[in-house]
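Chain letters run A, B, ... following the sequence lines, proteins first, then strands; residues in each count from 1. Just so you know, these numbers use all the heavy atoms, side chains as well, and skip hydrogens, waters and symmetry mates.
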Amino acid sequence: MSVINHLDHASLAPVYTAAGAAVLVFVADVIMGPRARWRAGIVTTLAVLGAAATAVVAVTVTGATSRRSFCVPAGRLLGDHGSTIAVARSCSYATNGTVVAWIVAAAALTGLALVLSAPMLRAHGRPESSAARAPGEYCFLLLCSLAGSVVLVGARDLVTLVVALETLTLPLYVLVAFGSRARSAASGAATFFVSSIIATAVTLLGVGLLYALTGALHFDRIAHALDARGELDTLPLAAVASVLVVAGLCFKLAAVPFHNWAPTSYDAAPLPTTLFLATVSTFGGFVALTTVVMGALRPQWSVVAPLLAVIAVATMTIGNLMALRQRRMVRLLGWSSVAHAGYVLAPLGALAGARVDRSGAEQLLTASWAYFALYVVITVGVFACLIALRPDADGGELAHYRGLARRSPLATVGLIVGLAGLAGLPPGLAGLFAKVAVVRVLTAQHVLWLALIVVLNTVVGLAYYGRVMWEFFRPALPDLLATGAFATARPRWIWGIAMAATAGALIIGFLPQPLLHAAADWSTTLSDLWR
Amino acid sequence: MSLDWTDCLLVAVLVLPAAAAVGLPFLAARVAKPVAVVTAALTLVASGLLVLDRAHPTAGARLQPWHEVDASWIPALGVRFHIGVDGLSWPLVTLTALLVVCGAVYLRVETPRLPAMLALIFALQLGIIATFLALDVVVFFLAFEVTLLPMFFLISGWGSAQRERAARKFLLYTFAGSVLLLAGVLVLATSAGTADIVVLTQRHGAGIGYATQVAAFVLLLLAFAVKSPLWPLHSWLPDAHTEAPTVGSVLLAGVMLKMGTYGLLRIAIPAVPRGAARLAPVLAVFAVGAIVMAALICLMQSELKRLIAYSSVGHMGFVLFGVSTGNEIGLQAAAIANIAHGVVTGLLFFLVGAVKERRGTGELAALGGLRFTTPRLAGLLGLAAVASFGLPGLVGFWGEFFSLVGAWRHAGWWRPLAVIAALGAALTVVYFLRMLRRVVAEPAPEPGALAQRAKPTEPVGRLTTVELIAFSPLVVVILLIGVWPGWLLSLSSGPVSAIAQAVSG
């Protein structure tokens with residue numbers, strides 16, 4: 001490997017900012033000591049400012065211009081029959097308008113998770129809650145995760161990508177166990193940890209095989225080698241390597257076969273952490289998957305796309321069927337997020353079709369990204385409402401939500417908008433258009449069978465979302481009223497955030513064009529990774 | 001884009017219900033009711049005025065809206081906010097507005113959680129009217145879906161004992177239909193390259209391959225068959241009707257079912273006529289099956305609301321039979337039978353609701369003697385029943401008669417089908433007369449027996465003025481269209497002949 005000869009600090013500025021903010025929060029917490037007044041408030045504010053600074057730096061310093069860092073000069077790779085293939089200069093980290101937009105999105109979602117954590121971090125007098133005891137560590141870990149995702153969205157080689165993905169995930173093992181119900185929290189974290197390790201091992205095995213085959217780690221070089229070398233087309237090892245990389249990356253999306261962690265960990269984690277898991281962490285996984293599929297594995301689409309189609313069908317079906325029988329709110333949402341991962345992957349499953357040219361591939365990818373972006377918008381609304389209802393508790397049983405319509409009409413409206421959005425029904429128009437985007441592109445590419453599987457799955461989805469909505473209107477259980485299923489000391493501003501999130505989901509539902517347009521832009525960038 | 005006053009009216013019939021749906025929950029019941037009545041009346045006026053100042057149709061197989069609004073909405077998905085009204089949709093829009101006025105008048109201030117209920121009714125109205133006005137297939141689908149949750153909450157929130165099951169069955173069954181609609185309209189839009197119904201109608205499926213036409217029509221037919229509902233996909237309907245509150249039943253039978261048949265007429269047949277022609281025999285056989293099965297089931301039915309619900313299946317069978325003929329007479333019959341069934345069944349559900357409220361039960365065995373206790377109600381019920389089985393001179397006659405004529409125009413096996421359908425219509429007379437005999441003519445059962453079955457919610461009494469005001473517009477419409485169907489036929493003849501030309505040419 002040649003000497004790394006280029007560093008553009010402007011492209012790395014958001015990474016520095018996020019990592020610096022994490023360290024700053026940690027140091028500030030240590031200096032203040034455990035007995036300081038306003039400790040939770042100060043570290044949370046610092047952390048939110050850190051996330052905001054990351055976004056601001058990304059926009060102002062990094063900017064939309066194309067920047068690259070950690071580059072290796074042009075060289076030659078081993079070709080067929082002892083020949084060599086000339087390759088251009090490749091870089092491990094690159095930023096452009098799309099990457100900046102992703103950094104801003106990740107920072108904003110992290111900031112939101114931090115703000116919504118504030119009531120939980122402030123809650124005193126409950127010794128079983130480690131989050132309340134260690135607000136500094138909590139914020140530090142979330143910012144570390146943010147730093148990982150900032151690196152991830154700009155990563156342009158497989159090792160940087162895997163390291164970034166691990167940086168994003170590692171703090172989450174701890175954060176999942178930060179919850180109050182010690183035992184289930186530990187079990188959730190352990191499940192998460194074990195699945196993650198296995199998935200990473202699978203990915204790394206694939207990466208190693210790809211390196212062994214092509215002698216390259218940069219996306220563009222791998223794609224170039226796979227494309228130029230006819231030998232590799234007939235070599236099963238190339239297909240195996242691609243399958244391993246893709247299957248391992250599906251872990252963060254909670255797609256089959258690495259889906260089991262999601263419901264357990266979502267339910268075990270404190271609600272703000274769950275929000276982070278469901279949005280930023282999934283987002284990182286989706287970026288990683290689409291980047292690798294578009295940038296490195298394009299010549300392998302004939303293998304990767306059918307695999308993704310199978311994964312999509314299995315994921316949505318299993319997610320929906322398992323969600324049907326859940327009794328706990330967040331566990332149900334966890335399984336539903338598995339199902340949604342399936343819908344997100346469905347368009348990518350059509351990439352290998354005979355009719356897919358460059359613009360067709362971009363349309364498929366756009367639909368995938370559009371679904372994912374709209375799904376994140378709705379998920380933020382749902383979790384913001386849940387957190388506003390139970391700021392320092394977990395999601396609870398579905399039965400806890402009985403009689404919600406009477407006790408908190410505001411939360412009922414917010415949750416109905418959110419759940420209807422997840423089901424793809426008005427008034428949650430964001431979800432409806434997400435569904436339209438996916439089914440439209442699948443019918444346009446003549447993959448009607450996949451489109452039909454998607455729409456029939458949404459019927460199963462409505463069965464459980466409808467059940468949850470129904471609970472809101474049933475009479476409350478008397479013993480729950482007595483014990484207080486919902487926290488009484490709810491700060492007023494958290495309702496403001498919940499309602500703003502719901503309003504945001506409604507508005508984006510009515511006017512999804514800017515988001516869909518952005519999704520198209522992102523797809524073009526991804527498609528440009530390798531031509 | 002400039003809007004003239006009629007285009008503003010077109011927007012108003014959507015904005016008024018939407019505003020009411022959002023605003024009403026914040027009002028007290030005492031205020032909400034008059035506000036609802038006024039809003040509903042304004043919507044009706046706006047919708048009624050749409051018939052004025054309309055562009056005169058020119059000949060040709062094109063969809064020519066009287067008024068339309070066409071604005072860019074989501075270019076990324078090829079969706080335009082394109083709505084418009086013509087002779088096919090206007091009667092349905094106005095009927096929807098009328099039924100909501102009647103419903104708003106009929107609902108009492110004492111109804112539990114009245115503001116929320118009214119808000120749901122307006123949300124429902126918004127979805128139904130938007131479905132009829134949509135001139136973009138994705139907007140049509142969206143409007144179709146808007147109706148699902150409000151109806152679900154109406155049934156589950158204000159229904160009778162078995163409401164949870166009925167509401168869920170309604171939701172899942174009709175949602176399954178509407179996701180097939182999603183697949184169908186997107187197959188249509190992506191294969192034709194446009195989602196605009198005006199353009200799709202004008203092309204009559206040119207540029208869409210035969211196999212794609214058949215696939216699209218199968219998806220659309222299944223979607224609309226669930227909604228209409230077409231036997232054997234009807235089983236959600238009786239449960240939903242039995243459990244729904246009166247106004248919910250009225251809107252469900254009166255206009256929501258029409259969204260299915262309207263969809264066939266507006267989208268499925270003109271956009272993929274070759275697919276439609278291929279599957280017309282299948283539709284015809286199932287439609288006749290629906291007529292006969294519904295009549296037989298009604299003969300055995302012991303509960304009043306269920307009986308009316310199953311009779312709806314039969315009547316919608318006639319509409320679908322008319323649709324399946326594909327010729328001008330049959331399609332015209334379908335269009336008018338759609339309206340007729342909406343008015344008559346709307347009235348029937350109001351009346352049955354009034355009966356059940358007075359007697360506390362809908363069991364035929366426990367009813368009787370209505371002409372002694374509530375003669376006016378008995379008279380109206382008689383009128384509605386007679387109109388429903390299609391007595392000449394009333395609104396129900398024209399549609400059913402001409403759908404048979406339309407089928408007879410085809411030679412071959414269409415004629416036996418028409419004969420079977422006519423036999424079904426005869427059975428309709430039988431079961432309605434049986435119902436009338438039980439409810440109106442026979443003496444009431446012993447008071448003791450009655451008390452054992454159910455407690456009346458209020459003393460058996462005369463029709464109140466409010467009820468009379470709520471019911472009378474529907475009675476007037478039944479008589480007016482019955483004796484003078486020409487006006488309604490002249491409105492829809494243009495759009496209908498355009499559809500018929502699409503099928504034949």
Side-chain angles (χ1 to χ4, degrees), chain A residues 363 366-367 370 405-406 409 413 416-417 419-420 423-429 431-446 448-449 451-463 465-467 469-470 472-474 509-520, chain B residues 18 21-22 25-26 72-79 81 113 116 123 126-127 130 137-138 141-150 152-153 156-157 163-164 167-168 170-191 193 195 211-212 215-216 219 223:
Chain A
Q363 283 170 18
T366 302
R406 204 159 283 255
V413 169
I416 284 185
V417 168
L419 291 171
L425 268 181
L429 287 183
L432 185 137
F433 285 124
K435 213 163 67 182
V436 169
V438 166
V439 176
R440 181 172 183 269
V441 78
L442 288 176
T443 55
Q445 297 295 334
H446 300 265
L448 194 55
W449 65 272
L452 283 176
I453 291 178
V454 168
V455 297
L456 292 177
N457 255 290
T458 61
V459 180
V460 184
L462 186 60
Y465 295 124
R467 191 159 59 93
M469 289 189 235
W470 169 256
F472 301 156
F473 297 92
R474 291 172 84 171
F510 274 105
L511 302 166
Q513 176 64 21
L515 203 58
L516 299 175
H517 187 74
Chain B
V22 174
F26 297 102
S72 173
W73 189 9
I74 312 169
L77 297 176
V79 180
F81 182 76
R113 291 156 295 156
L126 171 70
V137 285
V138 179
F141 161 73
L142 195 156
F144 210 79
E145 297 240 300
V146 167
T147 58
L148 290 184
L149 278 185
F152 169 71
F153 286 127
S156 62
R163 60 184 183 272
E164 179 173 0
R168 264 206 221 148
F170 162 80
L171 188 66
L172 290 184
Y173 227 115
T174 52
F175 186 65
S178 70
V179 297
L180 293 175
L181 175 65
L182 172 66
V185 297
L186 289 176
V187 167
L188 200 58
T190 51
S191 57
T212 313
L219 288 170

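- Rounding to the nearest 0.5 angstrom, the gap separating the NE2 atom in A/H446 from the OG1 atom in B/T190 is 6.5 Å.
- Taking every heavy atom of both residues into account, B/A183 and A/L452 meet most closely at CB-CD2, 4.0 Å.
- Neither the backbone nor the side chain of A/A451 comes within contact range of chain B, judged by heavy atoms closer than 4.5 Å.
- Proximity to chain B involves both the backbone and the side chain of A/L425, based on heavy atoms less than 4.5 angstrom apart.
- Using a 4.5 Å cut-off between heavy atoms, A/A370 does not touch chain B at all.
- Summarising the geometry of A/P426 relative to B/E145, their closest heavy-atom pair is CD-CB, 3.5 Å, with the distance given to 0.1 Å.
- Closest approach of B/L186 to A/T443, counting heavy atoms only: O-OG1, 3.6 Å.
- Of the inter-residue distances, the one linking A/F433 atom CZ with B/I74 atom CD1 reads 3.5 Å to the nearest 0.5 angstrom.
- If you measure heavy-atom distances from B/L142 to chain A, the contacts under 4.5 Å come from both the backbone and the side chain.
- At a 4.5 Å heavy-atom cutoff, A/L442 makes no contact with chain B through either its backbone or its side chain.
- Of the listed residues B/F141, B/F152, B/F153, the one with more heavy-atom pairs under 4.5 angstrom with chain A than any other is B/F153.
- In this structure, the side chain of B/W73 does not engage the main chain of A/Q513 through any donor-acceptor pair within 3.5 Å.
- The minimum heavy-atom distance linking B/L182 with A/K435 is given by the pair CD2-CE, 3.9 Å.
- Minimum heavy-atom separation, A/L462 to B/F175: CD2-CG, 3.3 Å.
- Heavy-atom distances place both the backbone and the side chain of B/L172 under 4.5 Å from chain A.
- Side-chain contact between A/M469 and B/L149 is present, with at least one heavy-atom pair separated by less than 4.5 Å.
- Counting only heavy atoms from C-beta outward, the side chains of B/S156 and A/W470 approach each other to under 4.5 Å.
- For A/A520, no part sits under 4.5 Å from any heavy atom of chain B, backbone or side chain.
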